[in-house]
Amino acid sequence: MRWSSLFIPTLREVPAEAEVISHQLLLRAGYVRQLSAGIYSYLLLAQRSLLKIQAIVREEMNAIGGQEMLLPALNPAEVWQESGRWDVMGDNLFKLKDRWQRDLCLAMTHEEVVTTIARGELRSYKQLPQIWYQIQTKFRDEPRPKSGLLRVRQFIMKDSYTFDLDAPGLDVAYDKHYSAYCRIFERCGLEYTVVEADSGAMGGSQSHEFMVRSDAGEDLIVRCPSCGYAANLEKATATPSTPTVADPDADLTPEPFHTPGFKTIAQVAELTQLPESSQMKSLVMVADGQPLLILVRGDHQLSETKLAGLTKAVEIRPAQQGEIVELFGANPGSLGPVGISGLRILADAALQGRRNMVAGANRDDYHLRHVTPGKDFQAEYADLRQVAAGDPCTRCGTPVELFKAVELGHIFKLGYRYSEPMGLRVLGEDGKEITPIMGSYGIGVERILTCGIELFHDKDGITLPLPIAPFSVVITPVNNADAAQREAADLLYSQCLQAGIDAILDDRDERPGVKFKDADLVGIPYRIVAGKKLSEGKVEFLDRRTRKAEDIAVDSVFAHLQARLSEESARYRNTA
RNA sequence: CGGGGCGUGGCUCAGCCUGGUAGAGUGCCUGGUUCGGGACCAGGAGGCCGGAGGUUCGAAUCCUCUCGCCCCGACCA
């Protein structure tokens, strides 16, 4: 393509609304324009890159036997009501009415639709397994769209769904997706981590997320640098660090002491000269209307995800002050487990076996010392705490690290969550009805582009990996008015076209500086410049990432380019 | 939904406090000179100052309401 006739609106300055680097560069490099909060137009460059990403996804999905479909984005309310998600998804589901006032929604995923198709058509065990997928626009009314293309209300997703006869069959489908996803992200040139993920309150036995480390990310990942254990913080486990001070080794009785105005764990630690790890933190949560007393060690944080998983509650919220006073007769800051009855008490496993700790006295401005779990109160113990950086890894004892990441893909064993209630049945070999077991698997297509930019950029702009860059090579005559330069560039450009190389010819009537800056900004992996050394029969060949430039004879530069391209492409394929 | 910030030519912003004919840089158009890292000279186009209402002789500026965008939190397949 000839740059002079393309719409590539690059900007010199960073638009004020963009804060994360990928967002800034997507705007500056003319890839996207924003239409509204969380709604973007993908211009030429973004679309070219996204199409390359989709081609890779498609190839790998086809390679595991995936069958590509295209399902409707506009769905009738009925199927969502049938699965229960019409209500469960709440405001996140875009809902609308047609001219007859019938309820419709814009689909955020397609479990309901594929299950509807499957139950209408699948009759026999002989038809299983099935892997169905699509690459399609999804809609989610996010409460807070942000960070450019990272969290948006309309986005492209590759979503696939598998139907199997039994759990071992699902394992096979799941493993196929796992390895296909690895190949996809490797072929896109991304550095990623696979982590164990929370499978949610909706059941399901196993789930992995494919994450790219980035400060722009919204997820926190726990990883052991030694044994490779990696999990989403929501689900991660680790050994609690040893309490800073050992518990008093005696059979002591709880004893109140005055703590006027000392409400936080830190303040009480200051007063008692005992570390936070010697205290019990009491939190009151309301799970589906049921109040619960939650205990964690003073220096630990409650994981609401783990609590939700344990209680199977749909809605969990902190109790309000009024509710707390009614239940405990004291205000937050002086709450504790001693003397509480008629209330379910859940304690984090790290408190089991501890003795003589400090807790609130359920009387304003008083705490208790010498509180021993199991003796002074009874509780159910479970893993409820959020892992902290530096906690010893459960497997190998190495301190774990914590980092932010962006979720690129999520694979999920659904189990019978949809097939059972929606009545998907096939006949088995023995003539009896079987409910197929399902899996669902998603990849955020724009997130591959966005993470590619987050990972690969420098002060001059984008340095996307070759497989997902919008063009492979830019050919730049320094001065387009110079006939020799223009003709050399033209020749090379037409050679590229004939060879199927994705080249762009910068034939704009601009000064060289402008063309170089733009080429750097939009991130084309290779640049060939026809300039003043053309009179000596040489052109410059430049690698965008390394900035290495070499002078090459005009008549061999095309061969050189071909060699570099195939060498570079091979890098991404060989690792797969 | 709670907290904060911002809406002024395409982009970045000044002007607002202390009301009095709307500015700069950059980009864009025309002509000329220039041509290896965002050139220079000259001329020019482009803005209901987010919207509505109010105060005032007079509002970008003061007041009220409202809409939009961004950030933090809440929320969140």
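Each chain gets a letter, A, B and so on, in the order the sequences are listed, and its residues count up from 1.
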Do [X] and [N] have a side chain to base donor-acceptor pair shorter than 3.5 Å?
X: A/Glu13; N: B/G25; result: yes
X: A/Arg317; N: B/A74; result: no
X: A/Glu510; N: B/G38; result: no
X: A/Arg144; N: B/C71; result: no

What does [X] touch in the nucleic acid at a heavy-atom separation under 4.0 angstrom: a base, only the sugar-phosphate, or nothing?
X: A/Pro15; value: sugar-phosphate
X: A/Arg527; value: base
X: A/Asp520; value: base
X: A/Ala16; value: sugar-phosphate
X: A/Arg28; value: base
X: A/Lys146; value: sugar-phosphate
X: A/Thr305; value: nothing
X: A/Asp518; value: base
X: A/Val14; value: sugar-phosphate
X: A/Ser440; value: nothing
X: A/Gln34; value: sugar-phosphate

Rounded to the Å, how far apart are [X] [atom1] and [N] [atom2]?
X: A/Arg153; N: B/C70; atom1: CZ; atom2: C1'; value: 14 Å
X: A/Glu17; N: B/U12; atom1: CD; atom2: C1'; value: 12 Å
X: A/Ile39; N: B/G68; atom1: CD1; atom2: P; value: 12 Å
X: A/Asp509; N: B/C29; atom1: CG; atom2: P; value: 11 Å
X: A/Trp86; N: B/A77; atom1: CH2; atom2: P; value: 18 Å
X: A/Leu414; N: B/A77; atom1: CG; atom2: C1'; value: 10 Å
X: A/Lys538; N: B/G36; atom1: NZ; atom2: P; value: 19 Å
X: A/Arg85; N: B/C76; atom1: CZ; atom2: C1'; value: 14 Å

(request) Apply the side chain to side chain contact (heavy atoms under 4.5 Å, CB included) test between A/Glu454 and each candidate in A/Val212, A/Val20, A/Val406, A/Leu25; give the one that qualifies. (result) A/Val20
Quick one: look up who [N] pairs with, Watson-Crick or G-U, both distances under 3.5 Å, and put none if it's unpaired.
N: B/G46; answer: none
N: B/G7; answer: B/C67
N: B/C1; answer: B/G73
N: B/G27; answer: none
N: B/G19; answer: none
N: B/G58; answer: none
N: B/A14; answer: none

Can we say [X] and [Y] salt-bridge, meaning some charged N sits less than 4.0 Å from an Asp/Glu carboxylate O?
X: A/Arg527; Y: A/Asp520; value: yes
X: A/Lys176; Y: A/Asp171; value: no
X: A/Arg564; Y: A/Asp543; value: yes
X: A/Asp460; Y: A/Arg547; value: yes

Could you measure between the two [atom1] atoms, the one in [N] and the one in [M], and give it in whole Å?
N: B/A52; M: B/G7; atom1: C1'; result: 16 Å
N: B/U8; M: B/G47; atom1: C1'; result: 8 Å
N: B/G73; M: B/C57; atom1: C1'; result: 48 Å
N: B/A14; M: B/G9; atom1: C1'; result: 14 Å
N: B/U18; M: B/C13; atom1: P; result: 25 Å
N: B/G53; M: B/G46; atom1: P; result: 27 Å
N: B/G19; M: B/A59; atom1: P; result: 13 Å
N: B/C17; M: B/A77; atom1: P; result: 48 Å

Are OP1 or OP2 of [N] and a side-chain N or O of [X] less than 4.0 angstrom apart?
X: A/Ser36; N: B/C69; answer: yes
X: A/Gln485; N: B/G36; answer: no
X: A/Arg12; N: B/G27; answer: yes

(request) Apply the test side-chain hydrogen bond (donor to acceptor under 3.5 Å, both in side chains) to residues A/Gln130 and A/Gln67: give CA-CA distance (whole Å), side-chain angles for both, the deciding distance (0.1 Å), then the verdict. (result) CA-CA 8 Å; A/Gln130 291 287 330; A/Gln67 304 165 64; 2.7 Å; yes
(message) Measuring from the side chain of A/Asn479 (C-beta onward, heavy atoms only), which nucleotide among B/C76, B/C35, B/A77 has the closest atom?
(response) B/C35
(request) State which of B/G36, B/C71, B/A77 makes the closest approach to the side chain of A/Val529. (result) B/G36
Beyond-backbone contact of [X] with [Y], side-chain heavy atoms, under 4.5 angstrom:
X: A/Tyr161; Y: A/Thr115; answer: no
X: A/Trp80; Y: A/Cys105; answer: yes
X: A/Met157; Y: A/Gln136; answer: no

(request) Could you pick out which residue, A/His23 or A/Pro143, lies toward the 5' side of RNA chain B when each is mapped onto its nearest nucleotide? (result) A/His23
(message) Taking the nucleotide of RNA chain B with the nearest heavy atom to each, does A/Phe516 or A/Glu218 sit closer to the 5' end?
(response) A/Phe516
